[in-house]
Enquirer: 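Quick one: structure below, then a few questions.
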Amino acid sequence: MKKAFLFYIILGLSIGYSQNKQLLYNWEATPQTLMLNPGSLVSHKYHYGVPLLSQVHLNAGASGVSAFDIFAADGIDINTKIEQQIFELSDRDFFTATQQLELLSLGWRTKNDSYLSVGIYQELDFIAYFPKDFAILAWEGNRDYIGYPFNFDDISFRSDLLTVYHAGINKQVMEKLTVGVRLKLYSSILNVTSTNNSGTFTTTQTEGTPNIYEHTVSDLNVAINTSGYAQLRDADGVGGVGKRVLGGAFFGGNVGVGVDLGATYEFNQQLTATVSALDLGAVFHAKNTETYRASGDYTLDGIELLFPEVENGEATFPYYDDLEDEVAREIPFDTLYGAYTQWRPAKINAGLHYDFGQRVGSKNECDCLSSGKRSLAQSQVGAQYYAIFRPKGLQMAGTIYYRRYFRNWLSAKTTYTVDSYSATNIGLGISANMGNVNFFIAADNLLYYTNLAKAKGVSLQLGFTILADEK
């Protein structure tokens, strides 16, 4: 059970994760699609998000293992299953959690037919890669890995807690082209990051020395950057922590700047292409920063024990105190207080969709009596691409979908997605306009909802927004 406990720490959140919002991208014009593509088509006159309810987004999980893989009651010893997963996972498998809560959202159309939007949302984003080499070292030791270099670059994680303030403009600049841009100001509450580490730990067998094994740390350079952690650590109780979190949320800590770009091109009334790039920016950490760094080289060829005669309660040699001093001298562990810059995880969305069937609210395929407002087709099929830049490279997803209107106020969208987690991700979203109130709810990996422990990707999104259409 002790070994199992070690793996639980490594496993972390493992119910599943969906890194994208493909269910909402390329949906009919709503504030949520505008957040995913500032250049999306907007038909309403204004919108007001219901505070704290206009968008709620939650997901968490792992790319290479599910809770069912470990905890299934299948008669196999849990240590056997953990050992199997340790060797099946790679150092590019990851554990992650993401949460977004929209605090304020509103938009309105101007006299020159531009659509302006402003808002605030809070975001938590965490990713940790599986430290395969050190999981093996912790699980099995180094007896069977003589001469094998355990790599410190397997240690890679990042977590951000921040508030985002944004303002954007959306405008149809040509008959077929709509573009948008959104400026973002980031107010960082907490950042803990350790990436781009290097160095190895190797055990070798030696000859002609009193000790059989030699343990060597080579070219070590490991660092953990923190921002905001020190002030939370030193806060006075829960009230002090809450006060400092609020201060960080309202530009009391570290700040950054970013931009979202997007465009929609309508080839004709049926075929449309979309593209967007989100979070092109960085946070500049200069306040309340602490960086913990260890670097250097060290070789341990054992401790030679001496047994001198001791009298009158004299202490023997302080072997381990001397060893600690020697390690600290050769591989110093420093706490630094300098500034550092953290790039935001940029995201790319692209899509192509085709509308067909009669127009919503019309009894035939030609909306000949349209008053000028862009009408929606009863059915739509499309394909979408999503990518996010992570510490060890791009994570990508591809989606095909079908969307249908059942009434002029009710639509549904079903998706099939292939991503880093599975090739069996089926999702469903529903959007309803009840008077001036738009409500949406979306979830994916529906095939696993009878047993969520089997899912490697689960996501839930919902929200309420007040809309006013053009007259």
Side-chain angles (χ1 to χ4, degrees), residues 20-45 107 109 112-115 117 168-182 259-278 280 346-387 396-406 408 411-418 427 429 431 433 440 442 467 469-470:
N20 58 73
K21 298 181 179 179
Q22 299 297 324
L23 279 163
L24 299 183
Y25 191 71
N26 275 354
W27 215 335
E28 66 269 21
T30 65
Q32 290 74 38
T33 59
L34 194 63
M35 287 302 298
L36 295 175
N37 179 7
S40 61
L41 301 175
V42 180
S43 60
H44 44 268
K45 186 177 181 180
R109 189 169 298 281
N112 69 352
D113 208 31
S114 297
Y115 194 82
S117 61
I169 183 170
N170 171 287
K171 185 173 180 60
Q172 184 176 358
V173 294
M174 298 171 58
E175 180 182 358
K176 297 184 177 182
L177 178 64
T178 300
V179 298
V181 61
R182 180 186 301 114
V259 66
D260 297 346
L261 305 172
T264 298
Y265 188 82
E266 300 176 272
F267 295 96
N268 50 50
Q269 198 171 19
Q270 283 76 42
L271 187 63
T272 303
T274 60
V275 64
S276 66
L278 310 179
L280 304 177
K347 307 164 189 71
I348 304 295
N349 290 291
L352 184 69
H353 65 260
Y354 180 80
D355 295 341
F356 61 96
Q358 68 184 36
R359 295 285 146 177
V360 176
S362 173
K363 294 184 178 180
N364 49 60
E365 294 191 9
C366 175
D367 191 18
C368 302
L369 300 179
S370 171
S371 61
K373 173 186 171 182
R374 184 182 184 274
S375 60
L376 295 168
Q378 187 179 61
S379 297
Q380 182 183 97
V381 293
Q384 299 162 193
Y385 168 81
Y386 170 86
M396 296 177 286
T399 297
I400 56 175
Y401 71 89
Y402 172 70
R403 191 222 70 203
R404 181 178 175 85
Y405 268 92
F406 298 97
N408 59 1
S411 67
K413 181 178 180 180
T414 182
T415 63
Y416 169 71
T417 299
V418 177
S431 177
N433 293 321
F440 75 92
L467 304 176
D469 290 334
E470 301 280 18

Enquirer: Please tell me whether Gln380 and Tyr401 have a donor and an acceptor in their side chains that are separated by less than 3.5 angstrom.
Expert: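 Judged by distance alone, the side chains do pair up.
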Enquirer: Can a donor-acceptor pair be found, under 3.5 Å and without considering hydrogens, that links the side chain of Glu266 to the backbone of Gln269?
Expert: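 Pair absent, no side-chain N/O of Glu266 close to backbone of Gln269.
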Enquirer: Enter the distance from Ser276:OG to Ile348:CD1 here, rounded to the nearest 0.5 Å.
Expert: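 Taking OG in Ser276 and CD1 in Ile348, the distance rounds to 7.5 Å.
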Enquirer: Determine whether Tyr265 and Met174 make a side-chain contact, defined as any pair of heavy atoms from C-beta on separated by less than 4.5 Å.
Expert: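 Answer no - side chains too far apart.
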Enquirer: Which heavy-atom pair separates Ser40 from Thr178 by the least distance, and what is that distance?
Expert: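 Nearest pair, atom of Ser40 first, then Thr178: O-CG2, 3.9 Å.
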Enquirer: What are the two closest non-hydrogen atoms of Leu278 and Asp260, and how far apart are they?
Expert: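 Heavy atoms only, the tightest pair is CA-OD1, 3.3 Å.
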Enquirer: Taking all non-hydrogen atoms of both residues, which atom of Ala273 and which atom of Phe267 are closest, and how far apart?
Expert: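 Minimum heavy-atom contact is CB-CE1, 3.7 Å.
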Enquirer: How many angstroms lie between OG in Ser411 and CZ in Arg404, if you round to the nearest 0.5 Å?
Expert: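 Ser411 atom OG to Arg404 atom CZ measures 11.5 Å (nearest 0.5 Å).
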Enquirer: Which atom names give the shortest non-hydrogen contact between Tyr385 and Met396, and what distance separates them?
Expert: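 Smallest interatomic distance, heavy atoms only, reads OH-SD, 3.2 Å.
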Enquirer: Would you name the heavy atoms of Asn37 and Gly262 that are closest together and state the gap between them?
Expert: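 Nearest pair, atom of Asn37 first, then Gly262: OD1-CA, 3.1 Å.
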Enquirer: Counting N and O atoms only, with roles assigned by atom type, does the side chain of Arg403 sit under 3.5 Å from a partner on the main chain of Gly382, one being a donor and the other an acceptor?
Expert: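 Pair absent, no side-chain N/O of Arg403 close to backbone of Gly382.
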Enquirer: Are the side chains of Thr417 and Tyr386 in contact, using a 4.5 Å heavy-atom criterion?
Expert: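 Sidechains of Thr417 and Tyr386: no contact.
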Enquirer: Restricting to non-hydrogen atoms, name the atom on Tyr115 and the atom on His44 that form the minimum distance, rounded to 0.1 Å.
Expert: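 Scanning both residues completely, I find the closest heavy atoms to be OH-CD2, 3.3 Å.
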Enquirer: Leu352 and side chain to side chain contact (heavy atoms under 4.5 Å, CB included): which partner among Thr274, Leu271, Val381, Val275?
Expert: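 That would be Leu271; it is the only one of Thr274, Leu271, Val381, Val275 passing the side chain to side chain contact (heavy atoms under 4.5 Å, CB included) with Leu352.
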Enquirer: Using a 3.5 Å distance criterion without hydrogens, assess whether the side chain of Arg182 forms a donor-acceptor pair with backbone atoms of Ser117.
Expert: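 Not at all, since once roles are kept as given, no pair shorter than 3.5 Å links the two residues.
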Enquirer: Taking the side chain from Lys171 and the backbone from Asn112, do they hold a donor-acceptor pair closer than 3.5 Å?
Expert: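 Confirmed, Lys171 side chain pairs with Asn112 backbone.
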Enquirer: For a 4.5 angstrom cut-off between non-hydrogen side-chain atoms, does Gln384 reach Thr415?
Expert: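 Side-chain contact under 4.5 Å: no.
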Enquirer: In Å, rounded to the nearest 0.5 Å, how long is the span from CD of Gln378 to CD of Gln358?
Expert: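 Nearest 0.5 Å value for the CD-CD distance: 5.0 Å.
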Enquirer: Is any side-chain heavy atom of Pro38 less than 4.5 Å from a side-chain heavy atom of Val181?
Expert: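 They are not in side-chain contact.
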Enquirer: Taking the side chain from Ser379 and the backbone from Gly357, do they hold a donor-acceptor pair closer than 3.5 Å?
Expert: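 No; judged by distance alone, with no hydrogens or angles, the pair does not exist.
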